[in-house]
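In what follows, chains carry the letters A, B, and so on, assigned in the order in which the sequence lines appear, proteins first and then strands, with residues in each chain numbered from 1.
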Protein chains: 2
Amino acid sequence: MKDFPARTGITLEDVAKAAGVSRSQASRALRNDPGVKDDTKAHILATAADLNYTPNLAAQTLASRQSRSIGLVVGDVLNPYEAMLARECDRTLRDAGYFAMLAVSGTTSTIRAFIDQRIAGLVLIGAPAERDEIVAVSKLLPTVYIGRDLKSEKVESISSDDALGARLATEFLLKLGHRDIAHITGGPGAGAQRRADTYRKVMQEHGVKPNIVEGRYNVDAGSTATDTLMARKDRPTAIFAANDLIALGAISRLAWHGFRVPDEVAVVGFDDIPMAASEPISLTTVRQKVPEMVAAAVETLTTRLNDQAAPIRNIVIAPELITRRSSGAEV
Amino acid sequence: MKDFPARTGITLEDVAKAAGVSRSQASRALRNDPGVKDDTKAHILATAADLNYTPNLAAQTLASRQSRSIGLVVGDVLNPYEAMLARECDRTLRDAGYFAMLAVSGTTSTIRAFIDQRIAGLVLIGAPAERDEIVAVSKLLPTVYIGRDLKSEKVESISSDDALGARLATEFLLKLGHRDIAHITGGPGAGAQRRADTYRKVMQEHGVKPNIVEGRYNVDAGSTATDTLMARKDRPTAIFAANDLIALGAISRLAWHGFRVPDEVAVVGFDDIPMAASEPISLTTVRQKVPEMVAAAVETLTTRLNDQAAPIRNIVIAPELITRRSSGAEV
DNA sequence: GTGAAAGCGCTAACAC
DNA sequence: GTGTTAGCGCTTTCAC
């Protein structure tokens with residue numbers, strides 16, 4: 001039976017009294033403010049631990065006019081990639097001494113509620129979609145956006161290098177000898193566009209014709225696009241999907257049509273969601289480095305929290321290609 | 001450009017002054033406490049709106065000794081079913097006037113952090129796994145567990161009727177004429193066990209031999225179990241998977257082996273995650289009614305929050321069978 | 001280096 | 001019905 005701390009009624013006052021010091025000193029010691037003699041501090045800390053003291057956050061927030069809770073807005077938790085980011089953010093923020101308040105419906109009203117709550121900062125994961133909105137929010141409080149490069153908007157952001165990722169995938173397929181490589185896009189978003197553009201460019205660089213089908217970042221789009229692709233007389237021998245969900249849709253549909261993956265059609269995705277690594281899927285994909293991205297995001301945010309004047313940072317992280325069976329390369 | 005409320009420096013005092021009343025009356029009016037004349041109240045509310053007043057939550061919490069934040073602990077956000085529950089909880093809680101603080105690593109230390117935060121209550125989604133721990137936590141503050149029936153532990157819970165779900169799936173397959181129906185389990189958990197037990201019972205009731213392979217609630221387990229199943233000489237003509245992830249693994253692997261779904265093997269899952277509805281998968285499955293479960297959970301929690309002495313509730317919700325192509329039934 | 005005193009913005013008796 | 005008076009538990013000048 002784990003023992004959880006009962007909500008102790010112990011206050012700073014109790015600790016101070018027990019330690020024989022004033023509340024101010026106790027407060028300073030606990031927050032390790034400078035200006036407390038080392039042994040006094042040690043004594044206070046010991047006493048606090050002894051009494052099982054836990055500070056009252058509400059009081060702290062009220063008195064200091066700053067909280068340690070961070071709003072974490074996730075556009076679509078049902079997208080495994082965003083879920084991975086959210087989970088990692090939660091952990092990292094906690095480790096950094098903050099509390100994450102998650103909202104999984106990234107609407108304006110949600111963010112408004114957060115602001116009313118007087119959170120210290122905001123981490124936005126793929127939401128809101130509108131640039132205007134992001135900019136508006138970021139002016140109100142420290143904000144970092146994960147998933148898109150917002151350099152031109154002057155909003156701090158962490159993103160992954162979509163162009164590089166698309167290049168890795170396309171060149172890999174090319175190197176494997178494929179010429180008829182199709183690309184299923186992820187829709188009109190900037191990231192998806194960059195992936196498509198880079199794919200096109202790389203194909204042209206190698207003197208082969210691009211073959212693009214419009215899609216969306218979900219399974220159904222992958223399926224539909226695959227139907228389109230395989231109905232043509234010049235079928236592709238490889239498909240580069242703008243994300244793993246699309247790739248999953250493609251693989252499923254390919255199987256339904258009776259095409260063998262990777263023998264008849266090689267498939268490469270983007271993101272590296274957990275399912276991509278699963279045995280029956282074994283999807284070759286461009287991994288977005290979630291831990292690195294989140295670490296950078298939290299670092300950026302905490303830096304700003306401690307210094308409003310810190311320069312705006314826009315970090316772009318390089319993804320890496322993870323080869324598995326779906327592409328037919330020796331793994 | 002959406003306009004977000006700037007963090008107004010407006011306090012209750014300002015509102016009271018502007019409305020020409022005392023702080024107490026303003027406070028009462030804003031929280032619509034009884035004992036404020038209707039037009040006074042209207043006037044105060046109007047003034048507050050005018051001034052763009054938003055209450056300081058920290059001050060409220062401190063003064064009233066109760067917060068409106070609810071800890072939401074999710075065992076595994078990467079499980080789409082839990083992600084669905086989490087999203088719905090977030091929304092519902094917000095609509096009920098609470099704030100959800102999400103933690104996606106359902107460890108003891110996380111919960112401890114929540115308690116330190118002096119949250120009002122806790123919603124546990126599939127975590128912690130240990131009964132002891134759940135019981136310990138629930139003694140400390142209002143808690144409702146989603147996903148398991150904790151009646152015997154005297155912990156409020158909302159669960160879905162696993163036995164009924166398993167029965168629906170098995171009988172459906174039987175009705176379709178299948179006799180060789182295999183079941184891939186979800187592991188040692190109580191819910192998974194109940195599904196397996198019920199499957200076995202229903203099979204026996206119909207005079208056919210159960211065929212159980214041990215699994216886990218994930219794609220790989222579905223794949224592995226399928227290998228086992230299809231390697232035997234008496235191959236099943238239908239598979240009832242303990243959840244959708246397993247079913248997905250089975251379908252993928254079946255395709256890999258060259259078996260047609262549903263022609264050669266029918267597949268039925270459990271949960272109804274979004275991917276189950278996708279075109280290329282089209283999985284027949286037992287839907288757990290997420291909105292109903294969450295509504296019940298939030299209702300249960302808020303009831304307790306308002307009345308510590310309320311009787312403990314353990315609500316079990318009936319799932320329903322959703323037929324799609326994977327089972328071969330006419331849809 | 002330490003303590004005293006004054007709030008932070010609100011709620012909750014208690015009077016009127 | 002409405003206002004007055006104390007705090008809630010902490011941080012933060014400002015003296016010493």
Side-chain angles (χ1 to χ4, degrees), chain A residues 5 7-45 47-48 51-69 97 99 115-120 306, chain B residues 5 7-45 47-48 51-69 97 99 115-120 306:
Chain A
R7 282 185 283 188
T8 71
I10 309 291
T11 74
L12 226 208
E13 172 104 56
D14 300 326
V15 176
K17 211 167 280 175
V21 297
S22 71
R23 253 160 50 215
S24 347
Q25 279 308 76
S27 172
R28 293 190 186 102
L30 261 353
R31 285 172 302 121
N32 75 85
D33 242 32
V36 183
K37 222 169 41 183
D38 276 2
D39 39 343
T40 319
K41 183 164 158 183
H43 178 225
I44 294 174
L45 258 33
T47 315
L51 261 40
N52 221 318
Y53 166 76
T54 60
N56 181 317
L57 251 6
Q60 269 183 186
T61 302
L62 184 59
S64 67
R65 281 172 228 56
Q66 55 168 324
S67 85
R68 296 193 73 80
S69 53
F99 300 98
I115 293 180
D116 286 356
Q117 267 248 64
R118 284 158 178 74
I119 53 172
N306 296 323
Chain B
R7 282 183 284 186
T8 70
I10 309 291
T11 72
L12 225 209
E13 173 103 55
D14 300 326
V15 176
K17 211 167 281 176
V21 297
S22 71
R23 254 161 48 216
S24 347
Q25 280 308 75
S27 171
R28 293 188 187 104
L30 262 352
R31 286 173 299 124
N32 75 83
D33 242 33
V36 183
K37 224 172 36 184
D38 276 2
D39 40 344
T40 318
K41 182 164 158 183
H43 178 226
I44 295 174
L45 256 33
T47 314
L51 260 41
N52 221 321
Y53 167 76
T54 60
N56 181 316
L57 251 6
Q60 271 184 184
T61 303
L62 184 58
S64 68
R65 280 172 228 61
Q66 54 167 325
S67 86
R68 296 193 72 80
S69 53
F99 300 97
I115 294 180
D116 286 356
Q117 267 248 63
R118 284 157 180 74
I119 53 172
N306 296 322

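If you check the side chains of B/R23 and B/S27, you find no donor sitting under 3.5 Å from an acceptor.
Interface remark: the B/S27 side chain does not form any donor-acceptor pair with the C/dA12 base, using a distance-only criterion of under 3.5 Å. Residue B/S24 places a side-chain atom within donor-acceptor reach of the base of D/dT4, judged by atom type and a 3.5 Å distance cut-off alone. Residue side chain A/R28 reaches the base of C/dG3 through a donor-acceptor N/O pair under 3.5 Å, judged by distance alone. Under 3.5 Å, the side chain of A/R23 and the base of D/dT11 form at least one donor-acceptor pair of N or O atoms.
In this structure, A/L30 CG and A/I44 CD1 are separated by 7.5 Å, a value rounded to the nearest 0.5 Å.
For the pair A/T40 and C/dT2, the criterion of a side-chain N or O lying under 4.0 Å from OP1 or OP2 is met. Between A/Q25 and C/dG3 there is no side-chain N or O to OP1 or OP2 distance below 4.0 Å. Checking the phosphate oxygens (OP1, OP2) of C/dC10, no side-chain nitrogen or oxygen of B/Q60 falls inside 4.0 Å.
Comparing B/A63 and A/P34, the nucleotide of DNA chain C nearest to each residue sits closer to the 5' end for A/P34. Nearest-nucleotide positions on DNA chain D place B/V21 closer to the 5' end than the other of B/A59 and B/V21.
Contact between B/L12 and B/Y53 at its shortest, heavy atoms only, is N-CE1, 3.5 Å. Heavy-atom minimum distance, B/A19 versus B/T47: CB-OG1, 3.6 Å.
Put simply, the side chain of A/L57 does not reach to within 4.5 Å of the side chain of A/R68, judged on heavy atoms. For the pair B/R118/A/T54, a side-chain contact is recorded, criterion being any heavy-atom separation below 4.5 Å from C-beta on.
Atom CG in A/D14 sits about 9 Å away from atom P in D/dG9, given to the nearest Å. Atoms CG (A/L12) and P (D/dC8) sit 13 Å apart, rounded to a whole Å. Distance B/D33 CG to D/dG1 C1': 13 Å, rounded to the nearest Å. Look at CD on B/Q66: it is 7 Å from P on C/dA12, rounded to the nearest Å. Distance B/R65 CZ to C/dC10 C1': 11 Å, rounded to the nearest Å. Distance, B/R68 CZ to C/dC10 P: 16 Å, rounded to whole Å. Between the NZ atom of A/K37 and the P atom of C/dG3 there is a distance of 10 Å, given to the nearest Å. Between the NZ atom of B/K41 and the P atom of D/dT2 there is a distance of 11 Å, rounded to whole Å.
Helix bend of the helix from C/dG1-D/dC16 to C/dC16-D/dG1: the angle between its two end axes, each built from five pairs, comes to 30° after rounding to 10°.
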Next on the checklist: Let's go through A/T11 and A/N56 carefully: what are the C-alpha distance in whole Å and the side-chain angles of both, what is the deciding distance for side-chain contact (heavy atoms from CB on, under 4.5 Å) to 0.1 Å, and is it a yes or a no?
Outcome noted: CA-CA 8 Å; A/T11 74; A/N56 181 317; over 6 Å; no
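Comparing D/dG7, C/dG1, D/dG9 by their closest approach to the side chain of A/T11 singles out D/dG9. Set against C/dG3, C/dC10, C/dG9, the side chain of A/L62 has C/dG9 as its closest nucleotide.
Residue A/D38 qualifies as open at atom CG: its count of foreign heavy atoms under 6.0 Å is 12 or below.
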